[in-house]
J.: 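Quick one: the structure is below, and I'll ask about it shortly.
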Amino acid sequence: MTSAPAPIDYSLSRSWLLVNGDRPDGFADATASEADQVIFDLEDAVAPARKATARESVADWLARPGNSGWVRINDADSGFWSDDIARLRSNPGLLGVMLAKVESAAHVQDTVSAFGGRVQVMALVESALGIEEATAIARAGAVRLAFGSGDYRRDTGIAATDLAMAYARSRLTNSSRVARLPNPIDGPTPGPDLDLLRTQTAAARDHGMTGRLCLFGAQTRVVNEAMSPTGADVDWARGFLSDFALAGGQVRDGSDKPRLHEAGRITRLASAYGVATGL
């Protein structure tokens with residue numbers, strides 16, 4: 001009998017599956033998917049008239065023994081923010097919240113405070129202002145940054161091409177590094193095209209992002225694979241570390257330190273994700 005894989009910490013999580021909080025019939029399927037984390041959505045996926053019903057559905061499900069997950073709560077300037085927090089504050093299954101439409105450090109600070117400092121708050125940055133304030137947001141108590149790419153494009157008129165989105169992605173990565181946070185989570189790929197998903201996930205990874213939001217369960221496997229070291233990567237890392245140790249473990253030239261860092265990063269991720277060697 002094989003044991004279940006160990007849960008992946010939010011700081012290393014690759015696939016973040018959004019599930020509509022107003023559709024409780026889909027909760028079990030979402031949690032049974034290959035997603036590293038599931039986010040129950042009380043914000044954009046739910047019509048204003050259905051917010052209260054969705055909130056109760058999510059809270060009730062998370063309160064059941066064995067159930068857990070993240071919740072995307074409504075933005076701090078909305079009339080639903082305080083109701084979301086009041087209903088979820090003491091929920092035993094709540095792993096953390098994704099705060100929508102973050103545009104200032106105060107949005108994060110107020111949310112952390114409203115939860116009594118006991119709940120992890122991820123900041124979803126979705127606008128031009130949010131991107132420009134990303135470093136202050138990252139330093140305000142957020143545990144990770146995420147990119148609301150669709151709303152950002154709507155706010156700015158920027159195209160969905162890799163080049164057009166490069167600035168925003170890079171800024172979130174830089175801000176995360178400045179604040180010593182895990183690397184950020186990219187926005188989702190709409191639609192069922194898994195080849196497009198794979199291509200866009202590779203582009204996000206090139207910009208230093210290490211996770212992606214997912215809209216369908218089928219996307220999670222692709223994102224997990226694309227955001228993980230390959231078997232060949234693991235072989236290289238282990239080979240380099242072995243050669244380095246055999247050579248006395250002393251830095252020999254200017255390229256050793258970067259390669260040591262990369263080899264260490266790859267082996268840590270391979271262990272967390274269960275990636276085998278390519279041999």
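All heavy atoms count here, side chains included; hydrogens, waters and symmetry mates do not.
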J.: Considering non-hydrogen atoms only, spot the tightest contact between M165 and S149 and give its length.
T.: CE-CB, 3.7 Å
J.: Applying side-chain hydrogen bond (donor to acceptor under 3.5 Å, both in side chains), run through S15 and N224 and close with a yes or a no.
T.: CA-CA 6 Å; S15 53; N224 288 345; 2.7 Å; yes
J.: Decide whether D41 and N20 meet the rule of one side-chain donor and one side-chain acceptor closer than 3.5 Å.
T.: no
J.: Side chains of R144 and S11 only: does a donor on one sit below 3.5 Å from an acceptor on the other?
T.: no
J.: So, applying side-chain contact (heavy atoms from CB on, under 4.5 Å) with V102, which one of L129, L145, I137 is it?
T.: I137
J.: Say whether D155 and S127, considering side chains only, have a donor N or O and an acceptor N or O under 3.5 Å apart.
T.: no
J.: Scan L197, L213, L194, T189 and name whichever one has a side-chain contact (heavy atoms from CB on, under 4.5 Å) with V223.
T.: L197
J.: Looking only at heavy atoms, which two atoms of L88 and I73 are closest? And how far apart?
T.: CD1-CG2, 3.9 Å
J.: Could you verify whether a donor N or O on one side chain and an acceptor N or O on the other, from W16 and Q37, lie under 3.5 Å apart?
T.: no
J.: Going by atom types alone, do D77 and H107 pair a side-chain donor with an acceptor below 3.5 Å?
T.: yes
J.: Under 3.5 Å, is there a donor-acceptor pair between the S175 and T135 side chains?
T.: yes
J.: Testing the basics here: between V275 and S228, what is the closest heavy-atom pair and its distance to 0.1 Å?
T.: CG2-CB, 4.2 Å
J.: Answer yes if the side chains of T230 and D233 hold a donor-acceptor pair under 3.5 Å, and no otherwise.
T.: yes
J.: Parallel, tilted or perpendicular: which fits the ring planes of F40 and W61, with parallel below 30° and perpendicular above 60°?
T.: tilted
J.: Over all heavy atoms of both residues, which pair between F147 and A168 is shortest? Give the atoms and the distance, please.
T.: CZ-CB, 3.6 Å
J.: When you compare the side chain of R72 with that of L99, does any pair of heavy atoms fall below 4.5 Å?
T.: no
J.: Can you give me the closest heavy-atom contact between G130 and V125, atom names plus distance?
T.: C-CG1, 3.3 Å
J.: Can you tell me how far apart SG (C214) and CG (L18) are? Round to the nearest 0.5 Å.
T.: 8.5 Å
J.: Cut-off 3.5 Å, side chains only: do S104 and E133 have a donor facing an acceptor?
T.: no
J.: Going by an N to O cut-off under 4.0 Å, is there a salt bridge joining K101 and E43?
T.: yes
